[in-house]
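Every heavy atom of this structure was used, including side-chain atoms; hydrogens, water molecules and symmetry mates were not. In what follows, chains carry the letters A, B, and so on, assigned in the order in which the sequence lines appear, proteins first and then strands, with residues in each chain numbered from 1.
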2 protein chains.
Amino acid sequence: MTRHDSHYEEGTRAEREGPERASVSKAVEDYLKAIYKLQRAGQVVTTSAIAERLAVAPPSVTNMIKRLARMNLVRHTPYRGVELTPAGEKMALEIIRHHRLLERYLAEALGVPIDQIHDEAERLEHVLSEELEERMDALLGYPATDPHGDPIPTKEGVVATREYQSLLNLTPCQRAVIRRVSDEDPDVLRNLARLGLLPEATIHVLRLEAEEGQIVVEVGDTEHLLPLALASAVYVEPCTA
Amino acid sequence: MTRHDSHYEEGTRAEREGPERASVSKAVEDYLKAIYKLQRAGQVVTTSAIAERLAVAPPSVTNMIKRLARMNLVRHTPYRGVELTPAGEKMALEIIRHHRLLERYLAEALGVPIDQIHDEAERLEHVLSEELEERMDALLGYPATDPHGDPIPTKEGVVATREYQSLLNLTPCQRAVIRRVSDEDPDVLRNLARLGLLPEATIHVLRLEAEEGQIVVEVGDTEHLLPLALASAVYVEPCTA
DNA sequence: CGGATAATTTAGATGGCTCTAATTTTCTGT
DNA sequence: ACAGAAAATTAGAGCCATCTAAATTATCCG
């Protein structure tokens, strides 16, 4: 009866919270990741925030929250919001690690354009084995960040968080190294890539255009007028020289 | 209301049989693949054969068959068995293409041992985008077979089927090139790999041991006594010299 | 050819994840 | 401090994919 081995992998096993290996559905992983990111962005994580992030109706969230609470991945105070337990946070970080490692791999090994890697990784992250994770990690030389500049959590769940300042804060004549670009909007990302405005690039602020925070920057040998939408997606570390 | 975009992707859309793009659940893909393989292995595809292959109870199969029939992926004659429609076969071949391309990629680009590639590919095949498929294909130089020697269907759904004879049919002193190894049993595969008995290897049959079809073969410079379990998993093309 | 056996299907249930509509609770502004 | 608005939850439903138990249909053999 090999039949009974494979069908109850999704969730049921995790409920008796064995320390074994938590096989969990894609939906659960998506919720954990969303909660983690909202939590990290400050304040309490509300039902509606999760709903919006996952493009799901609020009652679906309430429903899932209850399941997550039963699995001890989340602590829920009704009407008050939700908080990851250590177990939940660990799981969230594993998924984020998968995601960011995949992004790096897709960009580096397969040459996938940076504005597409997010969506690809989004689908792959749920089926990446530890074995493959390890192989990709080694092949890439154990990278610390993904192509957007976001830190890749370690296998132990440690995230090297660093805050960078917005490109918008720079003043004319300053030089800076791009450290992170927002991965929110693929369009923005595609345009940044076209202009060479990606992490590790050095830029030189030439001047500010009066209206609406537009900035003229020099990258390599060419100068570009950056609209607000682009400039606000770029985070930099000013050169101290 | 971006909310309504993403939730009805699994199956529901395919039911109104648009010629657009069939987003289909993992389960549907698994059934199609199973039916394809059983169909190809000859005879009528029965409910119980599918059930056994997928390690699922027969009523689950009946249930899914009805859904597949509604989607026009399968023709079902109650109590008589099932047959893929052209649309169903095309879809099955796409998945098999994904699977075999992934196997090749995992082996070649990531160095995953041959006895593990099947299970990895099994999970990845359902989330591989056309974009990534194309990139992997190009990177590998458009390979014709997977590491077990099974043909990779083209994007158009053409499979270059070739029949090879079993190693067991060879007679002493014959030389042959291994063309295919069965991917059924990972253990067998691991042992074959350990002995260098993989596709493209040239072997030399030294003699047959009396009992139970054991065979002594030379691979490279060393000779091995192959138990039946191993020998029967190897398919060869005899050298015509 | 007809009854026993095997295969298939129907019936009915469950769990996961989603939805809308209705209700309850919390927040907020005057 | 309270009424109206906003947020969260409950209620009730549906689809997918699975299960077990029971009924039906096909097959096979004496």
Side-chain angles (χ1 to χ4, degrees), chain A residues 1-16 22-32 34-35 38 43-71 73-74 76-83 126, chain B residues 1-16 22-32 34-35 38 43-71 73-74 76-83 126:
Chain A
M1 304 280 143
T2 57
R3 178 176 303 163
H4 298 88
D5 296 343
S6 52
H7 304 122
Y8 294 97
E9 280 177 13
E10 301 213 325
T12 320
R13 179 180 298 167
E15 280 170 25
R16 40 171 230 269
S23 193
V24 137
S25 75
K26 168 178 149 37
V28 167
E29 294 187 351
D30 285 340
Y31 276 89
L32 290 177
I35 294 168
L38 290 167
Q43 9 254 5
V44 182
V45 179
T46 69
T47 298
S48 45
I50 300 171
E52 188 183 345
R53 197 167 220 286
L54 296 178
V56 133
S60 307
V61 176
T62 302
N63 180 52
M64 177 59 95
I65 282 176
K66 286 184 178 171
R67 201 168 322 136
L68 295 176
R70 259 189 278 125
M71 297 187 222
L73 296 172
V74 125
H76 183 215
T77 321
Y79 292 97
R80 283 3 268 274
V82 88
E83 201 184 2
H126 304 294
Chain B
M1 305 280 142
T2 58
R3 179 177 301 162
H4 297 89
D5 295 343
S6 52
H7 305 122
Y8 292 98
E9 281 178 12
E10 302 214 324
T12 319
R13 178 181 300 169
E15 280 169 26
R16 41 170 229 268
S23 194
V24 138
S25 75
K26 168 177 147 40
V28 166
E29 294 188 350
D30 284 339
Y31 275 88
L32 290 177
I35 294 169
L38 290 167
Q43 9 256 3
V44 182
V45 179
T46 70
T47 299
S48 46
I50 300 170
E52 189 185 343
R53 196 165 220 288
L54 296 178
V56 133
S60 307
V61 176
T62 302
N63 180 51
M64 177 59 94
I65 283 176
K66 285 184 179 171
R67 201 168 324 137
L68 295 176
R70 258 188 280 125
M71 296 187 221
L73 296 173
V74 125
H76 183 215
T77 323
Y79 292 98
R80 282 5 269 266
V82 89
E83 202 184 1
H126 303 295

Over all atoms of both residues, closest heavy-atom pair of A:Leu54 and A:Asp30 | CD2-O, 3.9 Å
Between atom NZ in A:Lys66 and atom P in C:dG16, what is the gap in whole Å?
-> 14 Å
Describe the nucleic acid contact of A:Ser48 in one word from base, sugar-phosphate, nothing, applying a heavy-atom distance below 4.0 Å.
-> sugar-phosphate
Figure out the CZ/C1' separation between B:Arg67 and C:dT10, and round it to whole Å.
-> 16 Å
For B:Tyr79 and C:dT10, is the shortest distance between a side-chain N/O and OP1 or OP2 below 4.0 Å?
-> no
Would one find a side-chain N or O of B:Ser25 under 4.0 angstrom from OP1 or OP2 of D:dA17?
-> yes
With sugar-phosphate meaning primed atoms plus P, OP1 and OP2, does B:Ser60 contact a base, only sugar-phosphate, or nothing at under 4.0 Å between heavy atoms?
-> base
Output yes when at least one side-chain N/O atom of B:Lys26 is less than 4.0 Å from OP1 or OP2 of D:dC16, else no.
-> no
Report the distance from atom CG of A:Leu68 to atom P of D:dT9, rounded to the nearest whole Å.
-> 13 Å
C:dT18 P sits how many Å from A:Asp30 CG, rounded?
-> 8 Å
Which atoms form the tightest heavy-atom contact between A:Val45 and A:Ile35, and what is the distance?
-> CG2-O, 4.0 Å
May I ask you to verify if any side-chain N or O of B:Tyr31 is less than 4.0 angstrom from the OP1 or OP2 atom of D:dC16?
-> no
Is B:Arg80 near enough to D:dT27 that one of its side-chain N or O atoms lies under 4.0 angstrom from OP1 or OP2?
-> yes
Rounded off to whole Å, could you give me the CE-to-C1' distance for the B:Met71 and D:dC15 pair?
-> 11 Å
Nearest whole angstrom, please: distance from the P of D:dT10 to the CD1 of A:Ile65.
-> 11 Å
CG of B:Leu54 versus C1' of D:dC19: gap in Å, rounded?
-> 15 Å
Below 4.0 Å: OP1/OP2 of D:dT9 and any side-chain N or O of A:His76 = yes
Between A:Met64 (CE) and C:dG15 (C1'), how many Å, whole number?
-> 12 Å
